[in-house]
Amino acid sequence: MIQQAQTKTISGDSYTIEVYVDPFNKRVRIDDYRGNLKKVIETAERVSEKISAEKLICKVRQEHFTDFIERGYICEAKLDGYFLGSDAYFFCKYFQSERLENDQWIFEDQIIKNVYLLQRHSKGSIPPASVTLRKAVNGDGRGLAKLYREVFQVYPTPLHDPNYVEKTFSEGTIYYLLEQEGEIISAASAEVNAVYKNAELTDCATLMNYRKHGYVKLLLQKLEEELKSKNIYCAYSLSRAQSFGMNAAFYQLGYDYRGRLLNNCYIYDQIENMNLWVKDLSN
């Protein structure tokens, strides 16, 4: 059973941090911070030690870039426009040497090289009349969880649980889906950050028998339209670095590659690297 991740606010004398504690993926992520930077970093590392995390990820403001380098952190990716139009940088610190080891990096570099040879702005296929495209609503949790169970043996978040999926609705996550004869065959979501006006496009899944039709691209375009209607222009996604198809989909839809998070989370049966793709929806 997946250990539920938790988002916490920790405040002390002259600092506050928003921390995402993720025991299942053996990592901690700092999503926001204010105040004394030295105390912010010390607290983040203390939280990491408490759960025996192997990796600490910090979303860092541009003005603190050098501060994190000085403290031994590695910049792995850049997220354009994350903080209300200002850039964020993913800085990471590792607490176990094995978490730094990876033999797929050169292979994954080649995938990015091949993706950039493709033409851009390729649209998803129009589904046949038997397939319905719609925005998910409360009550779709069971069907979405069934889809994610069939597509992903292991996933970084507990999307196999209908109750968890329903909970994400109340937290502002938007889902679009395709269904045929009452069965959800493809879905994707946007996790909206209402404070900094950005959204992570994620949870893309299509049943095996319905792939190769460009359905995920179609769903991503619908999510983009919804985000723009809410005046959210920073869209980004983390894609499996070994998946040519998903990386190609984001590139063709106008996203730009901004780096790779090493040994970031569990997908299927192993921990994997994740590529960061970013798009300015205002263009």
Side-chain angles (χ1 to χ4, degrees), residues 1-61 64 67-77 79 82 88-102 145 148 152-161 163-165 167-168 170-173 191 193 195-196 200 202-203 236 238 240-241 259-276:
M1 183 177 180
I2 290 179
Q3 293 175 272
Q4 291 266 358
Q6 291 184 317
T7 300
K8 302 178 180 179
T9 300
I10 301 175
S11 296
D13 179 27
S14 71
Y15 76 94
T16 299
I17 63 173
E18 301 288 337
V19 57
Y20 180 79
V21 181
D22 186 1
F24 176 72
N25 290 295
K26 300 176 184 177
R27 63 182 180 175
V28 168
R29 191 180 70 229
I30 304 303
D31 288 327
D32 203 2
Y33 60 89
R34 297 184 300 281
N36 186 295
L37 193 60
K38 180 175 181 290
K39 293 182 179 179
V40 164
I41 293 173
E42 287 175 351
T43 302
E45 293 181 1
R46 196 159 54 245
V47 172
S48 301
E49 183 180 1
K50 190 174 181 179
I51 70 158
S52 301
E54 297 174 354
K55 180 173 184 176
L56 170 61
I57 307 164
C58 299
K59 294 176 182 174
V60 174
R61 289 169 173 79
H64 299 139
D67 296 278
F68 276 82
I69 292 225
E70 287 178 341
R71 287 167 172 82
Y73 285 70
I74 302 166
C75 184
E76 294 189 342
L79 210 171
Y82 179 87
Y89 295 85
F90 281 81
F91 271 88
C92 300
K93 190 163 203 176
Y94 293 85
F95 304 106
Q96 209 180 69
S97 58
E98 290 83 357
R99 189 80 177 222
L100 270 167
E101 295 174 0
N102 190 273
Y148 291 121
F152 299 110
Q153 179 182 353
V154 177
Y155 200 66
T157 57
L159 284 174
H160 297 174
D161 180 358
N163 294 324
Y164 174 81
V165 177
K167 179 173 172 282
T168 64
S170 65
E171 294 171 344
T173 298
E191 295 181 5
N193 183 324
V195 175
Y196 290 116
E200 180 181 1
T202 184
D203 305 332
Y236 68 98
L238 289 167
R240 293 177 59 232
R260 188 174 310 146
L261 300 183
L262 175 66
N263 292 329
N264 190 61
C265 56
Y266 283 94
I267 302 283
Y268 295 108
D269 60 347
Q270 62 183 351
I271 200 161
E272 295 199 18
N273 302 335
M274 302 293 283
N275 289 336
L276 178 64

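- Within the 4.5 Å cutoff, side-chain heavy atoms of Arg240 are placed close to those of Met274.
- In terms of heavy-atom proximity, Asn264 sits nearest to Asn25 at O-CB, 4.4 Å.
- Not a single salt bridge (charged side-chain N to carboxylate O under 4.0 Å, His left out) links Glu18 to another residue, sequence neighbours left out.
- Atoms OH and CD, on Tyr94 and Glu101 in that order, are 12.0 Å from each other to the nearest 0.5 Å.
- Within the 4.5 Å cutoff, the side chain of Thr9 has heavy atoms near those of the Thr16 side chain.
- You'll find the side chain of His64 reaches within 4.5 Å of the side chain of Tyr33, heavy atoms only.
- The CD1 atom of Ile267 lies 12.0 Å from the CD atom of Gln153; values are rounded to the nearest 0.5 Å.
- Side chain of Asp161 to backbone of Asn163: a donor-acceptor contact under 3.5 angstrom is found.
- Ring orientation note: the planes of Tyr73 and Phe68 are nearly perpendicular, at an angle over 60° on the 30°/60° scale.
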Exercise. Could you please spell out the steps behind the salt bridge (Lys or Arg N to Asp or Glu O under 4.0 Å) verdict for Asp22 and Arg29?
Key: CA-CA 8 Å; Asp22 186 1; Arg29 191 180 70 229; over 6 Å; no
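- Tyr155 and Phe152 have tilted rings, their planes meeting at an angle from 30° to 60° on a 0 to 90° scale.
- With rounding to the nearest 0.5 Å, the separation of CD in Glu70 from CG in Leu37 is 10.0 Å.
- Heavy atoms only, all atoms of each residue included: Ala5 and Pro23 are closest at CA-CD, 4.3 Å.
- Remark: the backbone N or O of Glu272 is not paired with any side-chain donor or acceptor of Asn263 at under 3.5 angstrom.
- Glu54 CD to Leu100 CG: the interatomic distance, rounded to the nearest 0.5 Å, is 10.5 Å.
- The side-chain heavy atoms of Gln96 and Lys26, taken from C-beta on, include no pair separated by under 4.5 Å.
- Pairs of residues two or more places apart, or lying in two chains, that qualify as salt bridge (charged side-chain N to carboxylate O under 4.0 Å, His left out) and include a residue from residues 43-53 are Glu45-Lys93.
- Glu191 is not listed as a side-chain neighbour of Thr168, based on a closest heavy-atom distance of 4.5 Å or more.
- For Arg260 against Ala241, the heavy-atom pair with the smallest separation is CD-CB, 4.0 Å.
- Side-chain contact between Ile30 and Leu56: present, with at least one pair of heavy atoms (C-beta onward) separated by less than 4.5 Å.
- Using a cutoff of 4.0 Å between basic side-chain nitrogens and carboxylate oxygens, Asp32 and Arg61 are scored as salt-bridged.
- The shortest non-hydrogen separation linking Leu261 to Phe90 is CD2-CB, 3.9 Å.
- Thr157 has its side chain out of reach of Tyr148: every pair of non-hydrogen atoms, C-beta onward, lies at least 4.5 Å apart.
- From Ile57, atom CD1 reaches atom CZ of Phe91 across 13.5 Å, with rounding to the nearest 0.5 Å.
- A pairwise comparison of heavy atoms in Tyr89 and Cys75 identifies CD2-SG, 4.0 Å as the closest pair.
- The distance from the CG atom of Leu262 to the CD1 atom of Ile74 is 8.0 Å, given to the nearest 0.5 Å.
- The two atoms that bring Gly259 and Ala77 nearest to each other are CA-CB, 4.0 Å, heavy atoms only.
- For Tyr196, the ring pair (Phe, Tyr, Trp, His ring centres under 6.0 Å) partners are Phe83, not counting sequence neighbours.
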